[in-house]
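Numbering starts at 1 and runs along the sequence shown. Heavy-atom basis, side chains included; hydrogens, waters and symmetry copies ignored.
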Amino acid sequence: MPKHSQHRTRGKYALDADDLEWLESTPDTDDGPPEGDRWSTWDQSTPTEKGPKPYPDWLVTELAAVDTEHGVLKTGKEADVHLISRGVPGTDRVCLLAAKRYRSSEHRLFHRDSGYLEGRRTRESRMNRAMANRTAFGKQVIAAQWAVAEFGALCRLWELGVPVPYPVQIVETEILQEFIGTRDGYAAPRLAQVSDDLDGLWEQLVAAMVTLAREGLAHGDLSPYNLLVHDGRLVIIDLPQIVDVIAHPTGPSFLDRDAHNVATWFAAKGVPAADPDSLAALLRKEAGLSL
């Protein structure tokens with residue numbers, strides 16, 4: 001019989017040094033939430049790791065909230081996106097979030113990073129070497145940079161009024177953001193799946209791209225597959241590779257590529273105003289770049 005069970009007397013429990021050591025080494029199995037998969041991670045993020053204020057009314061920020069997993073929304077080479085609900089047990093306070101989780105270094109394939117990371121060198125040469133050589137540590141640094149870059153981009157664009165999901169918080173390499181879809185968990189379709197009101201969606205997209213260009217930014221990988229359409233509104237997603245077109249050595253080429261990718265798609269769908277070269281020229285002008 002373990003020593004910790006030998007001191008009980010009529011409802012009292014006498015502790016000695018051995019008991020304290022045993023208690024400290026015994027995992028607490030009773031600190032989990034009453035339901036769901038984990039306690040809300042809201043308090044694990046610092047103020048700078050949370051979205052812009054004022055926080056939306058729909059967002060659950062109570063510390064008593066729990067997070068419940070509902071499956072994978074999207075898989076990718078660098079990250080997977082999961083659907084979770086965050087709610088306060090016993091109340092009607094609940095919201096749906098998309099949790100983008102960058103994979104561990106041994107399972108990650110950064111198929112795009114070499115070009116985008118040109119403008120993201122760190123101040124530490126050891127990190128730069130590790131990133132260049134794609135060591136395990138270097139891949140972890142890259143993963144953190146992708147997550148931080150995407151969260152920062154979401155916050156910046158949200159404050160500019162660009163149609164992006166509200167960035168809720170970042171916890172290490174997990175980004176929690178507004179779920180774009182129905183209340184019962186059906187994700188909004190991608191632009192590539194939509195055929196209605198394309199003229200209106202084109203106008204929304206051009207306005208958003210012009211706002212980005214005026215800030216000296218390009219999405220960097222824009223296509224009909226990372227644009228969502230929800231209730232007639234276009235929403236831009238997948239922003240880890242956002243590019244500073246002024247600082248990046250080949251920044252203008254990212255503007256041109258984004259313009260040609262989306263304008264070519266809209267033109268093929270019969271939108272008269274969609275012209276790749278005209279859009280590229282407009283974006284360069286708004287960014288202050290000459291052809």
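Although no hydrogens or angles enter the test, the distance criterion places a donor-acceptor pair under 3.5 Å between the side chain of Asp258 and the main chain of His219. In this structure a side-chain-to-backbone donor-acceptor pair under 3.5 Å is present from Arg257 to Gly220. Panel note: side chain Glu178, backbone Pro165; no donor-acceptor pair is recorded below 3.5 Å. The main-chain N or O of Asp37 is never found under 3.5 Å from a side-chain atom of Asp67 such that the two would form a donor-acceptor pair. Of the possible donor and acceptor atoms, one in the side chain of His260 sits under 3.5 Å from a partner among the backbone N and O of Asp256. No donor-acceptor distance shorter than 3.5 angstrom exists from the side chain of Thr75 to the backbone of Asp80, with no hydrogens or angles considered. Checking side-chain atoms of Ser278 against main-chain N and O of Ala274 turns up no donor-acceptor pair under 3.5 Å.
Here the OH atom belonging to Tyr225 is positioned 12.0 Å from the NZ atom belonging to Lys74, to the nearest 0.5 angstrom. A distance of 9.5 Å separates CG of Leu279 from OG1 of Thr264, quoted to the nearest 0.5 Å. In this structure, CG on Leu154 lies 5.5 Å from CG on Leu239, to the nearest 0.5 angstrom.
Within a 6.0 Å sphere centred on CD of Glu172, other residues, nucleotides and ligands contribute 12 heavy atoms or fewer. Within a 6.0 Å sphere centred on CG of Asp184, other residues, nucleotides and ligands contribute more than 12 heavy atoms.
The two residues Ala64 and Trp39 make their nearest non-hydrogen contact at O-CZ3, 3.6 Å. In terms of heavy atoms, Gly185 sits closest to Leu83 at O-CD2, 3.9 Å. When all heavy atoms of Ile175 and Ala147 are compared, the pair lying nearest together is CD1-O, 3.3 Å. Between Leu201 and Gly232 the shortest heavy-atom distance is CD2-O, 3.8 Å. The minimum heavy-atom distance linking Pro240 with Ala149 is given by the pair O-CB, 3.7 Å. Of all the heavy atoms in Val262 and Leu205, the pair that sits closest is CB-CD2, 3.7 Å.
When only modelled atom types and interatomic distance are considered, Tyr102 and Glu150 share a side-chain donor-acceptor pair under 3.5 Å. A side-chain donor from one of Thr41 and Arg86 sits under 3.5 Å from a side-chain acceptor of the other.
We find that Glu174 and Arg38 are joined by a salt bridge, their nearest charged nitrogen and carboxylate oxygen being less than 4.0 Å apart.
Contacts of Thr46 classified as side-chain contact (heavy atoms from CB on, under 4.5 Å), with partners at least two apart in sequence or in another chain: Thr48, Glu49.
Ring centers of Trp42 and Tyr55: under 6.0 Å apart, within the cut-off.
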| Arg190 vs Ile237, side chain to side chain contact (heavy atoms under 4.5 Å, CB included): CA-CA, chis, key distance, verdict | CA-CA 10 Å; Arg190 301 176 189 279; Ile237 61 170; 4.1 Å; yes
